[in-house]
Chemist: 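Below you will find the structure I want to go over with you.
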Amino acid sequence: MSAEFAQRRQQLMEKIGTGVGIFCSAPSAIHHRDVTHVYRQDSDFYYLTGFSEPDTIAVIAPNHEEHKFILFVRPRDRNAETWSGYRAGVEGAQEQYGADIAYPIGELDEKLPQYLQKADPLYYSLGRNEYFDRKILQHYQALMATYHKRGTGPTAIAEASLLIAPMRLRKSDYELELLRKAIAISAESHNRAFRSATPGMYEYEIQAQIENDFRRNGALGPAYPSIVAAGKNSCVLHYVENNRQLQAGDLLLIDAGCSYEYYNADITRTFPVSGKFTPEQKTIYELVLEAQLAAIAQVKPGNPYNAIHDASVKVITEGLVELGLLQGSIEELIKEEKYKPFFMHRTGHWLGIDVHDTGVYQYGETWQNLEKDMVLTIEPGIYIAPDATPAEGQPEIPDIWKGIGIRIEDDVRVSDRAEGHEILTSAVPKSVAAMEKA
C-alpha cells in the first residue's frame, strides 16, 4: 500500500519539474455547535499520501536537496487524543506514511519557505481550505516581495489538481481492487433490497437495510446519499427524503453505492415492487435498457467520451418517437434536444475516489478519448413526472405514461478485452425477466 502512494508521488514529481506542490487536508466540519461530522479527507491529498487526518499540509519538492516529500501534521497530544482519536504525529508521518521529514503543523510558517525559495511555479488548489489558502498566499506574496533579492522562487500559482486529474483518471491495479470490493459490497446490498422490497414497506426501511449491509461488510458507509424512490419519486433525480410507503404497482428506483477505503461504487436499478411491470412500465424499462446497452457498447479504447451519450440519446429519441411521445425527424429532435423533458442528464461520469471523479471530459471541442483502466458509470434514464409537460411543438403526454421514472446504472472499466470494456457491476441483474419476481 505504501509503495502505491510513493509511486504516485514520484509520478507527480516528474510533472512538477522545477516547481513545488502544496496540498492541504480537508477542513474539519462542524455541525450543531460542537458536534463534528465524520471526517473525510480531501481526495487529492489522500491520493498522494494515504493520510486521513485534518490540519495537515503535504509538500512535494522534487528539487530540494534533502526532502522530496514533507508533511506538516498535528503533533501527538494525549488529552486531545483521549477526546477525538489517536494521531500519527510527527514520528508516525515518517514511519507510517513515508515522509522524508515531518514537522508539527504549528511550524509551517517557519519551515515552509525553505521548500519554496528555489521553486517555480507553486502548484496549489485554492478554495478547498480557507485557512490554508490564506497561509499559502501569505508565503507566496512574501517571496514575491523579496524576489528581486534572490532571483528565485515561485512567480506564479498554478492549479495543482490539473496535474493529478490525469493520474487519477487511469486506475492502477491497486485502485481497481478497491473499486471491485466497493462494487461487490454494493451489489450484494442491491440484490438483497430487490428480494426484500414489498408493498407496505417504507423507502427508509430499504435504505436502512442497504446501508447496514455496507457497514456490515466493512465499507466506510454510503458513497453518496442513498436514493430509494418509489412511485412518482423515481422521477426526482436526486430524491433523498426516502419516507414514502411502497404501494402495489409502484416502481422502486434504488441508486446506492458504498465507499470502501475511499473508493466508490455507484449502481442504480429500477424494478416493480409488486413483482410485475405494467405494460407502460415495461415499455419504458426496455427502452432505457436498450439505450444503456448501446452506450456500453461504445466503451472501448480510442472512442471519444461523447460517443457514449450520443448512443443512448439516439436510442431514447427513436423510442420516444415510436411511442408517440415525440414527433419529427430524429436528427432534428436530437439537435434541438427535444428529448430533454424525458432525459435531462448526461449518460455517466468518471468514478473513483470521488463518485463524480476528477478528470476532463473534453478539451474545447475535442472530447477525451477513452483509455484502458478508466472507470465510468453508464446511466441513461427516462423520467415522466406526474406534471410533465412536452417540449415546444411536441405532443401532449398521455396520463398513462406519467409517474414513470426509470434509470439503469452500471460501473464500467475500459479494457483491452475484445469488446473493449468490463462491466464491474454485472453481479446485479437488469434484464426484464430478472427485474420481475416470480
Side-chain angles (χ1 to χ4, degrees), residues 227-239 244 246-255 268-298 306-349 377-410 430-436:
I227 299 170
V228 183
K232 66 179 183 179
N233 296 335
S234 63
C235 299
V236 180
L237 300 184
H238 291 161
Y239 173 78
R244 182 180 185 273
L246 280 57
Q247 305 295 324
D250 279 352
L251 290 174
L252 181 61
L253 185 156
I254 300 177
D255 186 339
T268 307
R269 291 292 186 267
T270 312
F271 57 88
V273 172
S274 299
K276 295 292 182 182
F277 289 110
T278 67
E280 292 77 21
Q281 291 170 350
K282 184 176 181 180
T283 295
I284 299 299
Y285 187 92
E286 289 175 331
L287 179 53
V288 173
L289 181 58
E290 182 185 353
Q292 200 219 22
L293 294 176
I296 290 174
Q298 295 300 316
N306 65 308
I308 297 166
H309 185 64
D310 291 349
S312 63
V313 165
K314 184 173 187 294
V315 170
I316 286 174
T317 303
E318 289 174 343
L320 293 173
V321 168
E322 186 175 339
L323 295 174
L325 294 172
L326 289 178
Q327 61 184 16
S329 157
I330 302 297
E331 183 178 338
E332 287 300 312
L333 290 170
I334 292 174
K335 181 179 179 181
E336 297 175 9
E337 299 184 330
K338 298 295 188 180
Y339 60 86
K340 277 203 165 181
F342 305 99
F343 178 32
M344 60 289 295
H345 59 79
R346 299 290 296 183
T347 302
H349 52 80
T377 68
I378 306 294
E379 50 177 309
I382 292 177
Y383 316 89
I384 312 174
D387 59 350
T389 56
E392 184 179 353
Q394 293 300 309
E396 291 298 318
I397 301 169
D399 289 342
I400 59 170
W401 302 109
K402 292 183 178 181
I404 296 176
I406 292 172
R407 180 165 65 253
I408 306 171
E409 177 182 22
D410 283 300
K430 62 184 177 184
S431 68
V432 171
M435 293 294 94
E436 292 192 319

Chemist: Could you pull out all residues at least two apart from Pro386 that satisfy side-chain contact (heavy atoms from CB on, under 4.5 Å)?
Modeler: Lys232

Chemist: Return the set of residues passing side-chain contact (heavy atoms from CB on, under 4.5 Å) with Thr389 (not counting sequence neighbours), or none when no residue passes.
Modeler: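 By the side-chain contact (heavy atoms from CB on, under 4.5 Å) rule, Thr389 matches no residue at all.
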
Chemist: May I ask you to check whether His349 and Glu379 show a side-chain donor-acceptor distance below 3.5 Å?
Modeler: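 Side chains of His349 and Glu379: pair found under 3.5 Å.
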
Chemist: Taking only residues two or more places apart in sequence, or in another chain, which ones meet Asp387 in a salt bridge (charged side-chain N to carboxylate O under 4.0 Å, His left out)?
Modeler: none

Chemist: Would you name the heavy atoms of Ile316 and Pro380 that are closest together and state the gap between them?
Modeler: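 Where Ile316 meets Pro380 most closely, the heavy atoms are CD1-CB, 4.2 Å.
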
Chemist: Once ring-ring contact (aromatic ring centres under 6.0 Å, His included) is applied, what residue pairs with a partner in residues 313-339 remain, sequence neighbours excluded?
Modeler: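 Matches after skipping sequence neighbours: none remain.
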
Chemist: Could you name each residue pair satisfying salt bridge (charged side-chain N to carboxylate O under 4.0 Å, His left out) that touches residues 321-335, not counting sequence neighbours?
Modeler: none

Chemist: When the side chains of residues 280-294 are checked against the rest of the protein, which donor-acceptor pairs come out under 3.5 Å, sequence neighbours left out?
Modeler:
residue, atom, partner, partner atom, Å
Gln281, OE1, Thr278, N, 3.0
Gln281, NE2, Gly249, O, 2.9
Thr283, OG1, Pro279, O, 2.9
Tyr285, OH, Lys430, O, 2.5
Gln292, OE1, Lys430, NZ, 2.8
Gln292, NE2, Ile378, O, 3.2
Gln292, NE2, Asp410, OD2, 2.9

Chemist: Taking ring pair (Phe, Tyr, Trp, His ring centres under 6.0 Å) as the test, write out the residues that go with Phe271, two or more places apart.
Modeler: Phe194

Chemist: Could you pull out all residues at least two apart from Ser234 that satisfy side-chain hydrogen bond (donor to acceptor under 3.5 Å, both in side chains)?
Modeler: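 Partners of Ser234 under the side-chain hydrogen bond (donor to acceptor under 3.5 Å, both in side chains) test: none.
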
Chemist: Do any pairs count as a salt bridge (charged side-chain N to carboxylate O under 4.0 Å, His left out) and have a residue in residues 309-319, sequence neighbours left out, and if so which ones?
Modeler: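 Matches after skipping sequence neighbours: Lys314-Glu318.
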
Chemist: Check side-chain hydrogen bond (donor to acceptor under 3.5 Å, both in side chains) between Thr268 and all other residues, then give those that pass, not counting sequence neighbours.
Modeler: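 Here the qualifying residues are Asp255, Glu409.
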
Chemist: Tell me, please, which residues at least two apart from Gln394 pass side-chain contact (heavy atoms from CB on, under 4.5 Å).
Modeler: Leu326, Gln327, Leu333, Lys338, Pro390, Ala391

Chemist: Tell me every residue that passes side-chain contact (heavy atoms from CB on, under 4.5 Å) with Lys402, counting only those two or more places apart in sequence or in another chain.
Modeler: Ile384, Ile397, Asp399

